There are 2 protein chains.
Amino acid sequence: MAEHNGVRGLGRTTRSEERKAEIIRAAMEVIAENGYRGTSLAVVAERVGLTQAGLLHHFPTKEALLVAVLEARDQWDIATATFSGTFWPLDMLGDLVEYNSGRPGIVQVFTVLAGESVTEDHPARPYFHERYRLLRELTAQSLHEEFGDRLPGGLTPQQAAPLVAAVMDGLQVQWLHDPEEVDMAGSFRAFVGLLKGTAGQDADHGPGASG
Amino acid sequence: MAEHNGVRGLGRTTRSEERKAEIIRAAMEVIAENGYRGTSLAVVAERVGLTQAGLLHHFPTKEALLVAVLEARDQWDIATATFSGTFWPLDMLGDLVEYNSGRPGIVQVFTVLAGESVTEDHPARPYFHERYRLLRELTAQSLHEEFGDRLPGGLTPQQAAPLVAAVMDGLQVQWLHDPEEVDMAGSFRAFVGLLKGTAGQDADHGPGASG
DNA sequence: GTCTATAATAAGATAGAC
DNA sequence: GTCTATCTTATTATAGAC
């Protein structure tokens, strides 16, 4: 914790930490383009002006780098209060999806990793297993706070929770393949309309996506 | 087409074709376990009692083998009439999902490949791009035949189509991670209830999936 | 903290014998 | 149709100099 060149508050910018953050960003880019298994440390290293051996000074193994990427995502989640036990109104999830549609890179890393993660010994497997479990639990809680035992559309929070995560993930895949054709945020909001039982009344959810 | 040892109807069992089919089955197993990028030809070869060079006699490159796996899936789709322009009632999609929940291996190959396929030069990329496009188109058509311009729940067929594919895919990921916790067919049928606007009335769709 | 050099594997693909 | 042998190229990780 103590730093030889003066005080620093909790979690602020060592040179070394800055370097690591830089490497993590590069790793996310390369994983988005090639998946974890298709990613080589040399390519990541090159993007930050290091050699492969130089990179391994900061992260001793390829797997350690992946773990850091995953932890960085959790940090982001916490920062945006997704996981701080905060109550998320259903309508605000549409805003989150819209926000994501401005960040195809981020969406792509985690879509690729989530797909790879179902394989036997993938190092991200435990992470995603737990992440989905927690996501369902917190979504169900949040829906319960907002609507009680039944959503207006008729589902229980427990029934709706896995569907919310599924629709988000599934739309991401289609959207990454065809951003012109697939209106990710619009489609998601149409789904929200279903959950709220207001899908027929023309709200502001757009014209859907396919054609 | 002509075979030196007698007549054979269209598409029946040369020794060579049987061998190929055997290899394709093995490849699907290995891809399910390791993804396409994580799959080595030597491992696939070993499962059918061949060497790596022996396998390459039947499929000249690794990519050719992947293409064959993808074509095999299309054959299956056609066989089960998914893509023959046949009309699929919404309720029957629940049966399809239930059928899939008895074949985790198949579900896993295509979940993994769909995830990998969003990366830059993945050889399955064009395949999935087109597959999702077609799936949305045919789903929208089918829903239109069944319900006309609006589903009972209020969405148009064009709005509902990408959601149907998204829910199927998204539930598969969660179910592969946690088959005990996630009731894939039950959750899907709850979603169908939403589309039909009958989610509140207790139909036979189960108690959802999450804890 | 970063490099060069290198070890240790592993992979896809080709050549040519049987 | 299948094998052995080999080429070529990548990749993770380590050792040790600067």
Side-chain angles (χ1 to χ4, degrees), chain A residues 3-5 8 13-31 33-70 112-113 116 119-124, chain B residues 3-5 8 13-31 33-70 112-113 116 119-124:
Chain A
E3 205 71 353
H4 64 279
N5 57 344
R8 31 182 282 276
T13 66
T14 311
R15 333 284 166 275
S16 168
E17 278 163 5
E18 274 169 27
R19 201 77 166 114
K20 281 188 174 178
E22 206 184 340
I23 294 170
I24 289 171
R25 275 192 298 275
M28 289 179 66
E29 282 179 31
V30 179
I31 292 172
E33 287 163 24
N34 304 103
Y36 171 70
R37 289 199 168 102
T39 289
S40 87
L41 296 175
V43 171
V44 176
E46 197 193 20
R47 297 221 183 168
V48 294
L50 275 180
T51 62
Q52 184 245 13
L55 189 153
L56 284 173
H57 172 76
H58 299 278
F59 300 97
T61 65
K62 186 183 175 183
E63 194 169 325
L65 178 55
L66 175 63
V67 168
V69 167
L70 266 14
V112 172
L113 286 177
E116 280 186 306
T119 63
E120 300 300 317
D121 326 294
H122 197 284
Chain B
E3 205 68 353
H4 64 279
N5 57 345
R8 28 183 283 275
T13 66
T14 311
R15 332 287 165 275
S16 169
E17 278 163 3
E18 273 170 28
R19 202 76 166 115
K20 281 187 173 178
E22 207 184 340
I23 294 169
I24 288 171
R25 275 193 297 276
M28 289 179 66
E29 282 179 30
V30 179
I31 292 171
E33 288 162 25
N34 303 102
Y36 171 70
R37 289 201 168 99
T39 290
S40 87
L41 296 175
V43 170
V44 176
E46 196 192 22
R47 297 222 184 168
V48 294
L50 276 179
T51 62
Q52 183 243 16
L55 189 155
L56 284 173
H57 172 76
H58 299 278
F59 299 97
T61 65
K62 187 185 175 184
E63 194 169 324
L65 179 55
L66 175 63
V67 168
V69 166
L70 265 15
V112 172
L113 286 177
E116 280 186 307
T119 63
E120 299 301 316
D121 327 292
H122 197 283

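Letters go in sequence order (proteins before strands), and every chain restarts at 1. Not measured: the values here are computed from a predicted model.
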Interatomic distance where [atom1] belongs to [X] and [atom2] belongs to [N] [whole Å]:
X       : N      : atom1 : atom2 : value
A:Tyr36 : D:dT11 : OH    : P     : 14 Å
A:Lys20 : C:dT2  : NZ    : P     : 12 Å
B:Glu22 : D:dT2  : CD    : P     : 9 Å
B:His58 : C:dA13 : NE2   : P     : 16 Å
A:Glu46 : C:dT2  : CD    : C1'   : 16 Å
B:Leu50 : D:dT4  : CG    : P     : 11 Å
B:Leu56 : D:dC7  : CG    : P     : 18 Å
B:His57 : D:dG1  : NE2   : C1'   : 5 Å

Quiz item: Quick one: NE2 on B:His122 to CD on B:Glu116, what's the gap to the nearest 0.5 Å?
Solution: 3.5 Å
Quiz item: Taking for each residue the nucleotide of DNA chain C with the nearest heavy atom, is it A:Ala53 or B:Glu63 whose nucleotide lies nearer the 5' end?
Solution: A:Ala53
Exercise. Using heavy atoms to find the nearest nucleotide of DNA chain D for A:Gly38 and B:Leu55 separately, return the residue whose nucleotide is more 5′.
Key: B:Leu55
Self-check item: First of A:Lys62 and B:Gln52 reached from the 5' end of DNA chain D, by closest nucleotide
Solution: B:Gln52
Quiz item: More than 12 heavy atoms of other residues, nucleotides or ligands under 6.0 Å from CD of B:Glu22: is that the case?
Solution: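 Buried by this count: over 12 neighbours within 6.0 Å.
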Practice problem: Check whether more than 12 heavy atoms from other residues, nucleotides or ligands sit under 6.0 Å from atom CD of A:Gln52, and answer yes or no. | Solution: yes
Quiz item: Can you tell which of D:dG1, C:dG1, C:dA15 lies closest to the side chain of B:Ser16?
Solution: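 Among D:dG1, C:dG1, C:dA15, the one nearest the side chain of B:Ser16 is D:dG1.
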Considering just the side-chain nitrogens and oxygens of [X], establish if one lies under 4.0 Å of OP1 or OP2 belonging to [N].
X       : N      : answer
A:Thr51 : C:dT4  : no
B:Ser40 : C:dA10 : no
B:Arg19 : D:dT2  : yes

Quiz prompt | Test applied, side chain to side chain contact (heavy atoms under 4.5 Å, CB included); reference residue, B:Asn34; option that passes from B:Val43, B:Thr39, B:Val112 | solution =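 For B:Asn34, the side chain to side chain contact (heavy atoms under 4.5 Å, CB included) check succeeds only for B:Thr39.
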Practice problem: Give the C-alpha distance, both sets of side-chain angles, the deciding distance and a yes or no for side chain to side chain contact (heavy atoms under 4.5 Å, CB included) between A:Leu50 and A:His57. | Solution: CA-CA 10 Å; A:Leu50 275 180; A:His57 172 76; over 6 Å; no
